[in-house]
2 protein chains.
Amino acid sequence: MSFPPFHMTASNMNTDNLSHHLAGTGLRSTPQREIVYSVLTSKRDHPTADELFARVKQQMPNISLATVYNCLETLVQCNLVRQVNVERGAMRYCPNLHPHAHFFNETTGETIDVEIPAEVLAQVSSVLPKHFKAKSVEILFRGVVDNQNTPTSL
Amino acid sequence: MSFPPFHMTASNMNTDNLSHHLAGTGLRSTPQREIVYSVLTSKRDHPTADELFARVKQQMPNISLATVYNCLETLVQCNLVRQVNVERGAMRYCPNLHPHAHFFNETTGETIDVEIPAEVLAQVSSVLPKHFKAKSVEILFRGVVDNQNTPTSL
DNA sequence: TTTCTACATTAGAATAGTTCTAATTATTAG
DNA sequence: CTAATAATTAGAACTATTCTAATGTAGAAA
Ligand SMILES: [Mn+2]
Ligand SMILES: [Mn+2]
Ligand SMILES: [Zn+2]
Ligand SMILES: [Zn+2]
């Protein structure tokens, strides 16, 4: 199963989004980078490098784990992917570039995106003393999902 | 240098706070646990297990790193200490039990506490869909401190 | 088109941080 | 005091990631 991109804006148009962003920073668009990016954005979850490696190998069987790490590092530098740190253990990667929070489901181990209104985000950022210049804010919930009659996802 | 406890309430009174909390969960108060807790709460920072190990050894030279890890795990389970995950790499430990956010200073690598008004926290929690039951919320800023004429800390 | 150069990929070694194991020691209960 | 239980310890094992050094690739210069 495949998903459409999260949102269509001038700066997020899946195809050639990558080479575009890479070009901007003097980095090359390579088959490995394209596939890692495409596989990551094709599913709305937060895989580890290892999990992504397994998915990517289906399309490019000779890619190495080191390359997956290298590609992810590149994508993070280009701001095409976010790192999310929900647990000790493996880093997770998020392809959703919209401002959002994460909810870590302690029962299943899954991390899902939670929309967060710009006004709430502004409220949060306003708590910082004037001379603290935040470049990013991460909001992480931990808890459980009360399954009375739950639609599979939001 | 030593600091007073962050705040005095019925459930946070430094001395015997520990044995009190431990008793509640059927755990023993031991010299190692007492010292790890006391050393951690005596400084307002967010040390790694290794850093804390170094500090604790000054008072108890034969304590082992494994024990520091064990004690920290116990303290986290008792809700006397919070884990904070600001970077890939070593876990950090926070002795401040008040609801607060963290600011990771990318220049210095230091993580400091930022007070966060209850109303803002409530705002943040309100963004969750009804069937998501959050047990905790973590807010982490990353950025730099604009040092025009900065007092050493807040 | 060949050559030069810089960049990217790769396998495997090395590293860092943490957890596990098995032996010893300490505390509590009977 | 003895037995049972829990905690500590040193070191081995483990996991995730980064590093190293060799090889591959692709565009730019000639
Ligand atoms: Mn993590
Ligand atoms: Mn971390
Ligand atoms: Zn996400
Ligand atoms: Zn803190």
Side-chain angles (χ1 to χ4, degrees), chain A residues 18-19 21-40 46-57 59-78 80-93 109 111, chain B residues 18-19 21-40 46-57 59-78 80-93 109 111:
Chain A
L18 177 55
S19 26
H21 272 252
L22 289 170
T25 51
L27 295 165
R28 292 179 185 165
S29 170
T30 67
Q32 288 85 352
R33 285 172 180 172
E34 295 282 358
I35 291 190
V36 166
Y37 179 62
S38 131
V39 168
L40 180 57
H46 299 88
T48 63
D50 243 11
E51 287 166 355
L52 202 54
F53 177 48
R55 294 180 198 172
V56 167
K57 267 201 290 202
Q59 299 189 45
M60 186 182 266
N62 297 323
I63 196 172
S64 75
L65 177 58
T67 297
V68 172
Y69 274 105
N70 291 340
C71 292
L72 286 170
E73 190 188 356
T74 299
L75 294 171
V76 168
Q77 281 170 358
C78 298
L80 285 167
V81 163
R82 284 171 55 180
Q83 292 185 312
V84 297
N85 225 330
V86 294
E87 290 185 291
R88 157 100 224 134
M91 181 66 72
R92 292 181 174 275
Y93 294 86
T111 299
Chain B
L18 178 54
S19 26
H21 273 249
L22 289 171
T25 51
L27 295 165
R28 292 176 184 167
S29 170
T30 67
Q32 288 87 349
R33 286 171 179 172
E34 295 281 357
I35 290 190
V36 167
Y37 180 63
S38 131
V39 169
L40 181 57
H46 299 88
T48 63
D50 245 11
E51 288 167 354
L52 202 54
F53 177 49
R55 294 180 198 172
V56 167
K57 267 201 294 201
Q59 298 189 46
M60 186 181 266
N62 297 324
I63 196 172
S64 75
L65 177 57
T67 298
V68 173
Y69 274 103
N70 291 339
C71 292
L72 286 170
E73 189 187 357
T74 299
L75 294 172
V76 168
Q77 280 169 358
C78 298
L80 285 167
V81 163
R82 284 170 57 180
Q83 291 185 312
V84 296
N85 226 331
V86 294
E87 291 184 289
R88 157 97 227 138
M91 181 67 71
R92 292 182 173 276
Y93 294 86
T111 298

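Within every chain, numbering begins at 1; the chains are lettered A, B, ... in the order of the sequence lines, protein sequences first and strands thereafter. All of these numbers come straight from a predicted model, not from anything done at the bench.
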> Would you indicate, yes or no, if D:dT9 has its OP1 or OP2 atom less than 4.0 angstrom from a side-chain nitrogen or oxygen of B:Gln32?
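So the side-chain polar atoms of B:Gln32 do come within 4.0 Å of the phosphate oxygens OP1 or OP2 of D:dT9, strictly under.
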
> Below 3.5 Å, can you tabulate the donor-acceptor pairs from side chains in residues 64-75 of chain A to any protein atom, sequence neighbours excluded?
unit_1, atom_1, unit_2, atom_2, d
A:Ser64, OG, A:Thr67, N, 3.1
A:Ser64, OG, A:Thr67, OG1, 3.0
A:Asn70, ND2, A:Ala66, O, 3.3
A:Thr74, OG1, A:Asn70, O, 3.0

> A:Glu87 has an atom CD; how far is it from atom P of D:dT17, in whole Å?
12 Å

> Between P on D:dT8 and CD1 on B:Ile35, what's the gap in Å once rounded to a whole number?
11 Å

> Could you write out each protein N or O paired with an N or O of nucleotides 24-30 of chain C at a distance under 3.5 Å?
none

> Starting at the 5' end of DNA chain D and moving along, which residue's nearest nucleotide shows up first, B:Asn70 or A:Leu65?
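With B:Asn70 and A:Leu65 compared, the 5'-side residue is B:Asn70.
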
> Whole Å only: how far is the CD atom of B:Glu34 from the C1' atom of D:dT8?
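My rounded result for the distance is 16 Å.
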
> Please tell me which of the listed nucleotides, C:dT10, D:dT17, D:dA7, lies nearest to the side chain of B:Leu27?
D:dA7

> Counting heavy atoms from C-beta on, name the nucleotide in D:dA10, D:dT8, C:dT18 closest to the side chain of B:Arg33.
D:dT8

> Would you name the heavy atoms of B:Thr48 and B:Ala90 that are closest together and state the gap between them?
CG2-CB, 3.5 Å

> Can you see which heavy atom on A:Arg92 is nearest to which on A:His46, and at what distance?
NH1-O, 2.8 Å

> Hey, which of these two, A:Cys71 or B:Glu73, hits DNA chain C nearer its 5' end, going by closest nucleotide?
A:Cys71

> Is any side-chain heavy atom of B:Leu40 closer than 4.5 Å to one of B:Leu52?
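Yes - at least one pair of side-chain heavy atoms lies under 4.5 Å apart.
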
> Between atom CG in B:Asp50 and atom C1' in C:dT19, what is the gap in whole Å?
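The distance from CG of B:Asp50 to C1' of C:dT19 comes to 14 Å, rounded to the nearest Å.
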
> Counting side-chain heavy atoms from C-beta on, which of D:dT17, C:dT10, D:dT9 comes nearest to B:Ala66?
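Nearest to the side chain of B:Ala66 among the choices is D:dT9.
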
> Could you walk me through whether A:Gln83 and B:Arg88 pass side-chain contact (heavy atoms from CB on, under 4.5 Å), step by step?
CA-CA 10 Å; A:Gln83 292 185 312; B:Arg88 157 97 227 138; over 6 Å; no

> Phosphate oxygens OP1/OP2 of C:dT19: is one of them under 4.0 Å from a side-chain N or O of B:Tyr69?
no

> Is the shortest side-chain heavy-atom distance between B:Val76 and B:Tyr93 below 4.5 Å?
yes

> Once you round it to whole Å, what is the distance between P of D:dG11 and CG of B:Asn62?
13 Å

> Calculate the interatomic distance between A:Tyr37 atom OH and C:dA8 atom P; express it in whole Å.
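Distance check: A:Tyr37 OH to C:dA8 P gives 18 Å.
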
> Between A:Gln77 and A:Thr25, does any side-chain donor sit less than 3.5 Å from a side-chain acceptor?
no

> Is the distance from OP1 or OP2 of D:dT8 to the nearest side-chain N or O of B:Thr67 less than 4.0 Å?
no

> For C:dT18, does either OP1 or OP2 sit under 4.0 Å from a side-chain N or O belonging to A:Arg88?
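Checking A:Arg88 against C:dT18: at least one side-chain N or O falls below 4.0 Å of OP1 or OP2.
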
> Taking CE from A:Met91 and C1' from C:dG17, how many angstroms apart are they, rounded to a whole number?
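It is 14 Å, rounded to the nearest whole Å.
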
> Provide, to the nearest angstrom, the distance between the CG atom belonging to B:Leu72 and the C1' atom belonging to D:dA7.
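In whole Å, D:dA7 C1' lies 15 Å from B:Leu72 CG.
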
